[in-house]
Peer 1: 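I am attaching a structure below and will ask some questions about it afterwards.
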Amino acid sequence: MTKIDTVQHGDVREVGKATLQEIITQPVAWQAALDMVQALKRELKTLWADEQVAEVLVTGCGSTYYLSLAVAPLLQQQLGIRARALPASELLLFPETVIPPSGKALLLTISRSGSTTETIKATRQYRERQLGKVVNIGCYGDAELVALSDLALTVTDGQEQSVVQTRSFSAMLLTAQAMVAALKDEQQLQAMQQLPEFGSQLIAAHHDLARQLGEDTSIDRIYFLGSGLLYGLASEANLKMKEMSLSFAEAFHFMEFRHGPMSMVNKHTLVVGLLSDAVRDYEMAVLREMRALGGRTLVLTEQPVTEQEADYEVCFRSGLPEASRSVLYLPVLQLLGFYRAVSRGQDPDHPHNLTAVVVLEPGKQP
Ligand code: F1P
């Protein structure tokens with residue numbers, strides 16, 4: 001188990017103490033997620049085989065919808081089945097637009113709380129229509145979504161005080177990645193055991209950079225670029241920046257950024273690139289162009305880039321394939337949002353207008 005000294009930066013003010021603690025200690029929850037999937041591997045394989053899964057719908061809300069956007073392409077890429085991510089409200093309110101014509105698919109619900117009304121209602125409706133088995137990923141074993149599922153992968157170490165999802169998000173993402181590895185390649189699952197240690201080293205090595213960029217008041221807009229398996233994570237980083245710091249931020253697929261959004265790039269712009277392995281040359285070309293337009297660039301990458309190619313770099317050198325190492329992109333992006341929030345007088349522990357769970361009162365909704 002990884003032991004981490006908390007709050008190394010002594011002069012951090014009281015605000016956001018829970019959120020910072022949860023960001024820094026997330027490798028502990030990663031280990032718990034890996035151990036939990038290892039323990040439930042047999043049930044998972046049995047359900048998957050019995051169901052002869054050919055199609056998966058992945059759903060959640062807010063952060064866990066963006067997590068679904070990271071998990072669905074992974075399921076399709078790694079297991080060769082059709083997989084689609086969608087917000088729970090779409091599954092609930094427009095089922096005919098998302099239910100596969102075959103009328104049969106496994107439903108993977110993702111929810112930190114397990115109590116979000118839209119996801120509960122969509123899952124109930126799905127069960128009533130007998131469209132397929134339900135697997136849930138979450139952090140609370142006694143939640144309604146667990147009771148509504150045929151198999152629950154619950155990572156209680158992901159639980160957090162903070163309203164915004166940080167440690168829970170990465171622990172649930174790792175649960176999904178370990179689930180795919182358990183169904184496909186036992187060796188990959190073993191190799192993922194290195195992730196908690198990589199995570200601690202990454203947080204220690206790049207904490208100062210995240211703080212420096214987060215506190216840089218010359219930056220007034222932030223764009224997160226990620227493609228393929230990484231678009232969901234770019235979307236989550238964008239949400240964290242909004243939820244914690246109320247900053248102007250957006251997420252795009254790399255190549256889409258040229259088709260209009262780059263009109264916004266100027267010297268007050270930070271463009272954050274979540275580099276893939278497969279098409280990093282295309283992605284670096286976009287970043288070089290944004291630098292030429294006056295923007296500054298931060299890359300998160302497995303292999304180093306040359307100094308000329310980016311202003312700031314977070315390099316993993318993990319030796320792990322993209323399908324297993326996505327959690328490594330998250331801690332520095334969460335710290336960036338955290339320090340920007342504190343530097344703008346926001347308290348990340350109590351984000352503006354937000355509650356930890358969106359529960360829609362019966363009778364208030366149609
Ligand atoms: C989903 C969610 C969070 C958001 C806020 C409200 O919750 O939308 O993503 O940050 O906390 O709830 P859950 O279904 O994953 O518990």
Side-chain angles (χ1 to χ4, degrees), residues 16 18-19 22-23 26 29 33 57-72 85-93 107-126 134-149 152-176 224 232-247 249 251 327 330 333-334 336-338 340-341 346-361 364-365:
T19 305
E22 284 150 8
I23 294 172
Q26 63 188 292
L57 294 178
V58 192
T59 196
C61 299
S63 282
T64 40
Y65 164 51
Y66 298 134
L67 213 165
S68 303
L69 282 173
V71 172
L86 62 158
S89 54
E90 291 294 301
L91 180 58
L92 175 64
L93 302 175
L107 179 63
L108 176 58
T109 62
I110 310 181
S111 172
R112 170 180 63 181
S113 63
S115 312
T116 295
T117 305
E118 293 140 272
T119 315
I120 289 174
K121 284 191 168 184
T123 306
R124 272 206 210 114
Q125 179 178 272
Y126 200 84
V134 178
V135 173
N136 169 256
I137 294 178
C139 300
Y140 293 82
D142 56 356
E144 182 160 357
L145 273 176
V146 170
L148 285 168
S149 64
L153 305 175
T154 307
V155 54
T156 50
D157 283 67
Q159 294 176 6
E160 53 208 346
Q161 287 171 44
S162 184
V163 166
V164 300
Q165 298 189 14
T166 57
R167 177 167 77 189
S168 62
F169 186 94
S170 61
M172 291 188 288
L173 172 63
L174 192 50
T175 297
F224 297 95
L233 302 193
S235 302
E236 171 60 8
N238 152 54
L239 182 65
K240 283 287 98 51
M241 192 52 81
K242 284 190 171 79
E243 287 182 326
M244 289 199 270
S245 75
L246 305 183
S247 295
V327 284
L330 293 166
L333 296 176
Q334 293 162 349
L336 185 67
F338 174 85
R340 190 168 171 83
Q346 302 297 324
D347 179 355
D349 284 359
H350 303 99
H352 192 233
N353 291 346
L354 290 186
T355 55
V357 187
V358 176
V359 175
L360 306 176
E361 302 306 323
K364 279 213 188 130
Q365 308 299 317

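We count ligands from 1, going down the list as the structure has it; atoms in each ligand are counted the same way.
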Peer 1: Could you list the residues that satisfy side chain to side chain contact (heavy atoms under 4.5 Å, CB included) with Y66, not counting sequence neighbours?
Peer 2: L69, S235, E236, L239
Peer 1: Only one of V327, N238, L173, L333 forms a side-chain contact (heavy atoms from CB on, under 4.5 Å) with L233, so which one is it?
Peer 2: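 Single pass found, and it is L173.
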Peer 1: Return the protein residues near ligand 1 (heavy atom under 4.0 Å from any of its atoms), ordered by chain and residue number.
Peer 2: C61, G62, S63, T64, S111, R112, S113, T116, V163, Q165, E243, T355, A356, V358
Peer 1: Excluding sequence neighbours, so at least two apart, what forms side chain to side chain contact (heavy atoms under 4.5 Å, CB included) with A147?
Peer 2: none
Peer 1: Does Q334 form a side-chain hydrogen bond (donor to acceptor under 3.5 Å, both in side chains) with T166? I'd like the steps, not just the answer.
Peer 2: CA-CA 7 Å; Q334 293 162 349; T166 57; 4.9 Å; no
Peer 1: Do T123 and L107 have side-chain heavy atoms sitting under 4.5 Å apart?
Peer 2: yes
Peer 1: Side chain to side chain contact (heavy atoms under 4.5 Å, CB included) with L86: which residues, sequence neighbours excluded?
Peer 2: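 Checked L86 against side chain to side chain contact (heavy atoms under 4.5 Å, CB included); matches are L57, T59, E90, L91, V98.
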